[in-house]
Amino acid sequence: MYEFEFETPATVAEAVAALAEEEAQALGGGQTLIPTLKQRLAMPSKLVSLAGIAEMKGVSIADGVLTIGGGATHADVAAEACPPLAALAAGIGDPAVRNRGTIGGSLANNDPAADYPAAMLALKSTIVTDRREIAGDDFFQGLFETALDEGEIITGVRCDIPEAAHYQKFDQPASRFALVGVFVAKYADGVRVGVTGASEEGAFRWREAEAALSASFAPDALEGLSLDAGSMMGDLHGSKDYRAHLVAVMTKRAVAAIS
Amino acid sequence: MAKVSMTVNGKAASGDVEGRTLLSSFLREELGLTGTHVGCDTSQCGACVVHVDGKAVKACTMLALEAEGTEVATIEGQAGADGSLNTIQQAFQDHHGLQCGFCTPGMVMSAAALLKDNPQPSEQEVRAYLEGNLCRCTGYHNIVKAIMAASGQDVSGIAAE
Amino acid sequence: MPKDNPNSGGIGASPKRREDVRFLTGAGNYTDDINVHGQAHVHFLRADVAHATINSIDTSAAEAMPGVVKIFTGADFAEVGGIPCGWGVTDRHGDPQQEPRHPIIADGTIRHVGEIVAAVVANTLEQARDAAEAIDLDLGDKPAVVDMAAALAEGSTKVHEDLTSNLCYDWVFGNDDDTAVQAAFDSAAHVTTLELVNNRLVANPMEPRVAIGEYSRGTDEYTLHTTSQNPHVIRLLMCAFVLGLPEHKVRVVAPDVGGGFGSKIFHYAEEAFCTHAAKACGRAVKWTSTRSEAFISDAHGRDHVSKIELALDADNNFTALRTNTMANMGAYLSTFSTSVPSYLHGTLMAGNYKTPIVQVNVKTVFTNTVPVDAYRGAGRPEATYQLERVIDKAARELGADPIALRRQNFITQFPYETPVALTYDTGDYVATMDKLEQVADVAGFAARRAASEAKGKLRGFGVNCYIEACGIAPSNIVGMLGARAGLYDAATVRVNATGSISVFVGAHSHGQGHETSFPQVVAEMIGIDESMVDIVHGDTGRVPFGMGTYGSRSIAVCGSAMVRATEKIIAKAKKIAAHLMEASDADIELKDGQFTVAGTDKSVAWGDVTLTAYVPHNYPLEELEPGLEETAFYDPANFTYPAGAYACEVEVDPDTGKVSIERFSAADDFGNIINPMIVDGQVHGGLGQGIGQALLENAAYDADGQLLSASFMDYAMPRADDVPFYQVDHSCQTPCTHNPLGVKGCGEAGAIGSPPAVVNAVVDALQSAGQDVTHIDMPLSPARVWAAMNG
């Protein structure tokens, strides 16, 4: 690692001020950032830990809305969120990673194989930052790219709790990130399907599947639907065709698990 | 350099560290607690698992300064004051749950965290919980068996010696 | 010979491992736990391209960086020897293998990603890394040679310009009369052919490698602490071939070592560097590998591409076997690299079967990849995989039962001379197969398959046999075959005045539990409590000599040396006892630690005799030296031949291709067993690695020579939820006929015997669903299985 200063602000305001410094970077749980620093792939002048900010903690459910602090760990989400998202969080990394990694850190990183983006797209989410609110649909902007500005901190997220939902993940065998993960959420006004791990463009909503499932919420409704393999990722762990196929299989399984 | 203070295995510990000093480095190099091992640099092998404020974490993926003011437990603090092995350690010895011993501190610390949350885990629960702890020697058979035995379950029926 | 009471101690008992207490309490002493006062740290600048000419290296800016002690480049090692290869294979034309120089630091050409280009020694590791980034490298890119077939093609870029081609050797073994072999195939009733890949693996012991070099100006002595399976071998190779140092001035210590699996046999550049640099820098120099470095600097394993043909007569008897293999050597010849695809592979190609004609053809190939060498099993898994896969394919083609086809062709008479130069001294393959069928509950498979199918899964059953050759020997024969070392081992038994014993053994324990099992043998021979016996290993400053631990040789070879030394101790002790009791030494018996005179009630205790040896007041000084310490070197008369039969049951998810191992059963014949608990553990670990190879692990390179699976993020290590509880049985025991303990070795069996069973089971599962799939190359990842099922 390159040398850097370390700061632990107690409030969001202090953190924002600390991050105003050139090359300062926010540190959530560090489960991605610290390995990246070890490889000397990033050179922040200062790390601003968000772990001491009480206002970014906590998971709560009220009036059909799930609210999660940006500093909530995956373990917190697994313990306290609504069941489908709790199950998703319980499958991120491993227990020790879940005790450190945070939802805010994961979303800000927007790894194309991370689990949360699929859920955020499906759950009508709002990403709350220190300065604005961003609709989940507008937040994810490709591989490791988000709508966040320099120094902007995710202080929390809000999701509309669906009637029913399920996250179906197929592990990449080595990293156990999602080779493909599909989050299906059923709302009174329709079905939303968020997909991660698969596309070269990052997490996306599978609109054709949403339309089909909104018309008829059953695995059979997906028969004949397929994704363009050309836009899928292909690598050592799975070809483009395989990923396109897996999205369909995982979507069916998610629907079957709900219905 | 910044000063960091924490409680390690019940004793006050402090030292001067850089921002980039990892908790694992602080434990190993500053405090001489070399039982916490480092087996990878991508936060996957789990040889470095310790407890911070009662929760299992990977000490190689946490900065020492992030542990300011916390209670840290390492493998060195697990046995009794008289050197007697605790229940989990004893089960690992009784069931040959270790060979080269390198992954063992992390395995024992993860097992302790598991059994605190889930006192009677099933085989599948044990295997799932060890997702972040790699062992290259045992094929996991006797590790899983030892953890189930440490939870008080009868493991005599488990496949084969 | 299991004990009636397994807790009674001695041979056949399973006392708890004494080494466990330190490992369980964080009190182990691994090399990285050692820090030497005043040590500097080295960071190696490693090549990030696979093949390039080094036009220039400018270290001037780096040398001016804070904390830098000294920077080394290839030029600093120009006068130093290269890393030697320990085995010279003679090719089919009688020519020696092509053997390029293997420099400590790249000398003008980079030949693989990860090769050391420069070494920066600094006060701290981060300072060394900072300075390494300031080194200015001017490289001239060359095309990377990655694919073996392309490497052998006419006109290929050469990995080594000074060699004639990328071929290391072209070797034939067994029946080398091509016409006769072809005639056997021409007259066969059926020929089964299979082309397959034995996937490249990374050993990944959980402890990465570490080296700490020290030098004392006062005594001109060096000490190297290193993560090695064989410290004496490292000392010999480093002193005699690389650095040109007198061995008596160099001490090599391998303290607690966190697993090896072969990858810590070899002498590595970093060991020689730290030793050399300690003197050049005037202070200790420490290197700790990161896991990322390990992936591109530890020798890899396997990486064979083979075509195998099996001929059968009309009655399904095997009549001939022919193999053609390309084996990847990587960019340089690692210590044992050339022996692995030749004498550790070709010799095993007869397997457990009485095939009369066996011909093995191997071409070894240089590529711009990390050197490839022994990994758990080393050549034997590659042989077993080819043989047991082609037999399975033959059974399917012929509509024969895979188990019956194997049984029909088993060797049943011993000793048996194979067409590939080995003489199996003993074995009972029928018995292990009988045991396997029972342990694996073959009879219950149909019901289990029906249950799987009811939940939409395919279920398959696969079986295979294996034989391995352990404790490679004897030295005079392996010398004729090209080995450049003896393959004996040594033990010194030092009895202290009070009767306690230190045994200094040449084997090294890095997970095998020698500290527990070796004393069981000595204690039983003398009849004393095991707590009175300790072993000492891993330090050339304490252990007189030894060849280390690999090839499942420790108990068979070093254990035998220990028995011989203990026999000498007992013989001398009997003379002392005879003197004390005024009897003839021929009449002295030793039982339960008491010396008695046969037919009388006279006795003296072990402790009385040992005290007399060191306080020789009443002692036959004119006939016998005082003291009680004996050394034995043991050179085996033959290999040992563990063998067994394994079975795997898998479920395959037809929608995703994901394979899960539902049952794995092993029936092994290891001959006599010293500690059944430890033997079980060795088999479990081998199975874990074999299943890992079959389903998960793959060191994949791209066409530019970049390792795609260069961390645990992409190299899939077996985890606890990838494997089941294993059913392991070793009650079939045909003792080895030529070593004193009747032992065979058990360390590699699991890794050798399991991959074909897994693949056979997956093929069985797919065929059960009507899929026309006859083979899938390992690892059988979900993507590959799905692709096989979907054309």
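Every chain is numbered from 1 and lettered A, B, ... according to where its sequence line falls, protein lines coming before strand lines.
Once rounded to the nearest 0.5 Å, the distance linking CG of D94(A) with OG of S110(B) reads 7.5 Å.
Considering only heavy-atom pairs separated by less than 4.5 Å from chain B, the leading option among S175(A), G30(A), G52(A), P95(A) is P95(A). Contact count against chain A (heavy-atom pairs under 4.5 Å) is highest for L65(B) among V52(B), L65(B), T42(B).
Side-chain atoms of Q31(A) never come within 3.5 Å of backbone atoms of S43(B) as a donor-acceptor pair (strictly under, hydrogens ignored). When atom types are taken as modelled, the side chain of N99(A) and the backbone of K55(B) share no donor-acceptor pair closer than 3.5 angstrom.
Contacts of L33(A) with chain B are absent, with no heavy-atom separation under 4.5 Å from either backbone or side chain. Of the atoms belonging to L114(B), not a single heavy atom falls under 4.5 Å from chain A. Residue contact with chain B, scored on non-hydrogen atoms closer than 4.5 Å, is absent for T36(A). For E7(A), no part sits under 4.5 Å from any heavy atom of chain B, backbone or side chain. Neither the backbone nor the side chain of M109(B) comes within contact range of chain A, judged by heavy atoms closer than 4.5 Å.
Summarising the local packing, CD of E80(A) is surrounded by more than 12 heavy atoms from other residues, nucleotides or ligands at distances under 6.0 Å. Heavy-atom contacts from other residues, nucleotides or ligands closer than 6.0 Å to CD of E201(A) number 12 or fewer. Enclosure of atom CD in E22(A) is not indicated, since only 12 or fewer non-hydrogen atoms of other residues, nucleotides or ligands lie within 6.0 angstrom.
The shortest non-hydrogen separation linking M1(A) to R20(B) is O-NH1, 2.7 Å. Between A174(A) and Q44(B), the closest heavy-atom pair is O-NE2, 4.1 Å.
Inter-residue side-chain proximity for F4(A) and L63(B) is flagged as met; some heavy-atom pair is nearer than 4.5 Å. By the 4.5 Å heavy-atom criterion applied to side chains, P35(A) and D41(B) are not counted as neighbours. The shortest side-chain heavy-atom distance between E68(B) and T8(A) does not fall under the 4.5 Å cut-off. Residues K38(A) and L22(B) are in side-chain contact: their nearest non-hydrogen atoms beyond the backbone lie under 4.5 Å apart.
For R100(A), the salt bridge (charged side-chain N to carboxylate O under 4.0 Å, His left out) partners at least two apart in sequence or on another chain are E66(B). Scored by the side chain to side chain contact (heavy atoms under 4.5 Å, CB included) test, E145(A) finds Q141(A) as partners (sequence neighbours excluded).
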